[in-house]
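Within every chain, numbering begins at 1; the chains are lettered A, B, ... in the order of the sequence lines, protein sequences first and strands thereafter.
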Amino acid sequence: MYWHLVVFNKLRQFQDLGHQAILIIGDFTTTIGDPSGRSSTRPVLTEAEIRQNAETYLEQAFRILDKDKTRVVYNSEWFSKMSFSDCLGLARKMTVARMLERDDFSKRHRENVPISIIEFLYPLVQGYDSLILDADVELGGTDQLFNNLVGRSLQKDAGKSQQIVMTLPLLVGLDGVKKMSKSQDNYIAFNDSPKDMFGKIMSISDTTMWDYYRLLLLYSAEEVKELESAHPMECKKALASKLVGRFHGPEAADAARAEFELVFSKNRIPDEMPEFLWSAVATGSEESLVNVMAATGLFASKKEIGRFIQQGAVKLDGNAVSDTMLRLSCPEPPVVVQVGKRVFFRIR
RNA sequence: GGUGGGAUAUCCAAGUUGGCCAAAGGAAUCUGACUGUAAAUCAGCCGGGCGCAGCCCUUCGGGGGUUCGAAUCCCUCUCCCACCA
């Protein structure tokens, strides 16, 4: 996910300056659930899901980080060995009053939204990571400030030198309002296809775009200012090209840009799209458009398809369809069905 | 431990003298218009099936019941909140 790029970028800078990075996989922590910024308790993931997540995470990380200067640790290494009395000993280090300093907790407490005790433990658990690893700098989003500071107290308590906490601005998601996160489904993934990635970036708002320039491409304030005099759309295309290029290479970026311009700026039909054989989507020589579309499995229901047609979102070879009862026969030559701005498929 | 309040669609939230409830309103998503797949604005849609101005099915925390008929009444279970202890 793109948000990670913000942290990875910073880590990479540290590496380039000769530091070693440690990535902590919170495989243990995940079983608790991070309360950050959410109003209800997070569902617990299974072990298999956690492992899978960790793998994709690392794969993404090493697109940016220097593998030789990175150490990967799993926090289950130390937490799974802890006894209950160890746990209580850790809990002793924190008071409820201090915990309620945390904005998220005090807010939920005020509004009578449940806070599970286990969530109170989370900052301690995370702080303990720093203690075990003798961290000297910890990076995180601004929403992690409290948790990271707990690491400092634990280190101080243990008579060790205290880590520096460096918080990084959160990345706004595609909606332009909430922070980018998986649960909000407003994210761009590192492994999104070039086409999707390009499209997602083009859909962000102009204000969000400058954040992306600064946080993802590390543009300085002056550089951004300079760009602001250009046409925003051009800036956005440039942003999209650069980012797609970073993950998929320059050729893919050029191709994605070319296709975007063809399809959305010139309203042309893209070259590549899913294809369905007539025999696979129809039962006889004639079939209703609704049934044919439903058979592709691209839509939630026939009701939805009916709505699309009524609203003029469906086009056959570029011509809008208005009749919900329209019947088709095996198309010759193949026909291109377009739904909305970005769904295309061909029937042959 | 006691008493009271609550659980409604993706989220928030009406509805609880039983029928007019597939369920008000808001938000989000989605579609159309305008555009630059930006923002703002306007309009529409917003459970599913049927050749569909109609009919049918599933839904109001879970299960059971009363009734011609239940989101609404009764029983029970689960979870949440508040006050008292």
A:Leu23 vs A:Leu65, side-chain contact (heavy atoms from CB on, under 4.5 Å): CA-CA, chis, key distance, verdict: CA-CA 10 Å; A:Leu23 285 183; A:Leu65 299 180; 4.0 Å; yes

A:Arg342 and A:Gln338: CA distance, side-chain angles, deciding distance, side-chain contact (heavy atoms from CB on, under 4.5 Å) verdict: CA-CA 7 Å; A:Arg342 52 202 132 154; A:Gln338 176 179 182; over 6 Å; no

Kindly determine whether A:Tyr57 and A:Phe8 satisfy ring-ring contact (aromatic ring centres under 6.0 Å, His included), including the steps that lead there. CA-CA 11 Å; A:Tyr57 178 78; A:Phe8 293 156; 5.7 Å; yes

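Using a 3.5 Å distance cut-off with no hydrogens or angles, the side chains of A:Glu138 and A:Ser130 do pair a donor with an acceptor. A donor-acceptor contact under 3.5 angstrom links the side chains of A:Glu223 and A:Ser220, judged on distance only. The closest side-chain donor-acceptor pair between A:Thr283 and A:Glu287 falls under 3.5 angstrom. Side-chain contact, A:Asn147 with A:Gln126: a donor N or O sits under 3.5 Å from an acceptor N or O.
Going from atom CG of A:Asp175 over to atom C1' of B:U10 covers 14 Å, rounded to whole Å. Regarding A:Asn291, its CG atom lies at a distance of 10 Å from the C1' atom of B:G51, rounded to whole Å. As rounded to whole Å, 18 Å separates atom P of B:C30 from atom CD1 of A:Ile305. At whole-Å resolution of the value, CD in A:Glu228 and C1' in B:A38 are 14 Å apart. Per the geometry, CG belonging to A:Leu174 stands 11 Å off P belonging to B:U29, to the nearest Å. Straight-line distance from the NE2 atom of A:His231 to the P atom of B:G36: 7 Å, rounded to whole Å. What separates CG of A:Leu289 from C1' of B:G51 is a distance of 14 Å, to the nearest Å. Regarding A:Met293, its CE atom lies at a distance of 12 Å from the P atom of B:U31, rounded to whole Å.
Using atom C1' as the reference point in both B:G18 and B:C74, the two lie 13 Å apart (nearest Å). Rounded to whole Å, the P atom of B:G32 lies 22 Å from the corresponding atom of B:G26. Rounded to whole Å, the separation between the C1' atoms of B:C21 and B:U76 comes to 26 Å. The gap from the C1' atom of B:A14 to that of B:U72 amounts to 13 Å, rounded to the nearest Å. If you take atom P in B:C60 and the same atom in B:A24, they sit 16 Å apart, rounded to whole Å. Between B:C80 and B:G65, the two C1' atoms lie 26 Å apart (nearest whole Å). Of the P atoms belonging to B:G44 and B:C56, the separation is 29 Å, rounded to the nearest Å. Between the C1' atoms of B:C79 and B:A70, the separation comes to 23 Å (whole Å).
With RNA chain B read from its 5' end, the first of the two nearest nucleotides for A:Gly312 and A:Met233 is the one closest to A:Gly312. For the pair A:Ile204 and A:Gly340, nearest-nucleotide mapping onto RNA chain B gives the more 5' position to A:Gly340.
Among A:Val172, A:Val6, A:Val224, A:Leu170, the one residue that satisfies the side chain to side chain contact (heavy atoms under 4.5 Å, CB included) test with A:Asp211 is A:Val172.
Pairing for B:U16 is absent, judged as Watson-Crick or G-U wobble with the two contacts each under 3.5 Å. Pair assignment for B:G69: none, as no Watson-Crick or G-U wobble contacts are both less than 3.5 Å. The pairing partner recorded for B:A33 is B:U41, the criterion being a Watson-Crick or G-U wobble arrangement whose two distances lie under 3.5 angstrom. For B:C83, the paired nucleotide is B:G2, the pair qualifying as Watson-Crick or G-U wobble because both relevant distances are below 3.5 Å. For B:C52, there is no paired base (Watson-Crick or G-U wobble, both distances below 3.5 Å).
From A:Tyr2, atom OH reaches atom CG of A:Leu243 across 4.0 Å, with rounding to the nearest 0.5 Å. The CG atom of A:Leu215 lies 8.5 Å from the CG atom of A:Leu168; values are rounded to the nearest 0.5 Å.
Sorted by residue number, the members of residues 205-222 of chain A with any non-hydrogen atom under 4.0 Å from RNA chain B read A:Ser205, A:Asp206. Contact check of residues 262-270 of chain A against RNA chain B (heavy atom, cut-off under 4.0 Å) returns A:Phe264, A:Ser265.
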Scoring nucleotides 43-48 of chain B by protein non-hydrogen atoms under 4.0 Å (B base, S sugar-phosphate only, - none) yields -BSS-B

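Annotation: A:Glu286, atom CD; neighbour count of heavy atoms from other residues, nucleotides and ligands within 6.0 Å is above 12.
A cation-pi contact, defined as under 6.0 Å to the ring centre and within 45° of the axis, links A:Lys200 to A:Tyr187.
In this structure the side chain of A:Met233 never reaches within 4.5 angstrom of the side chain of A:Asp206, judged on heavy atoms.
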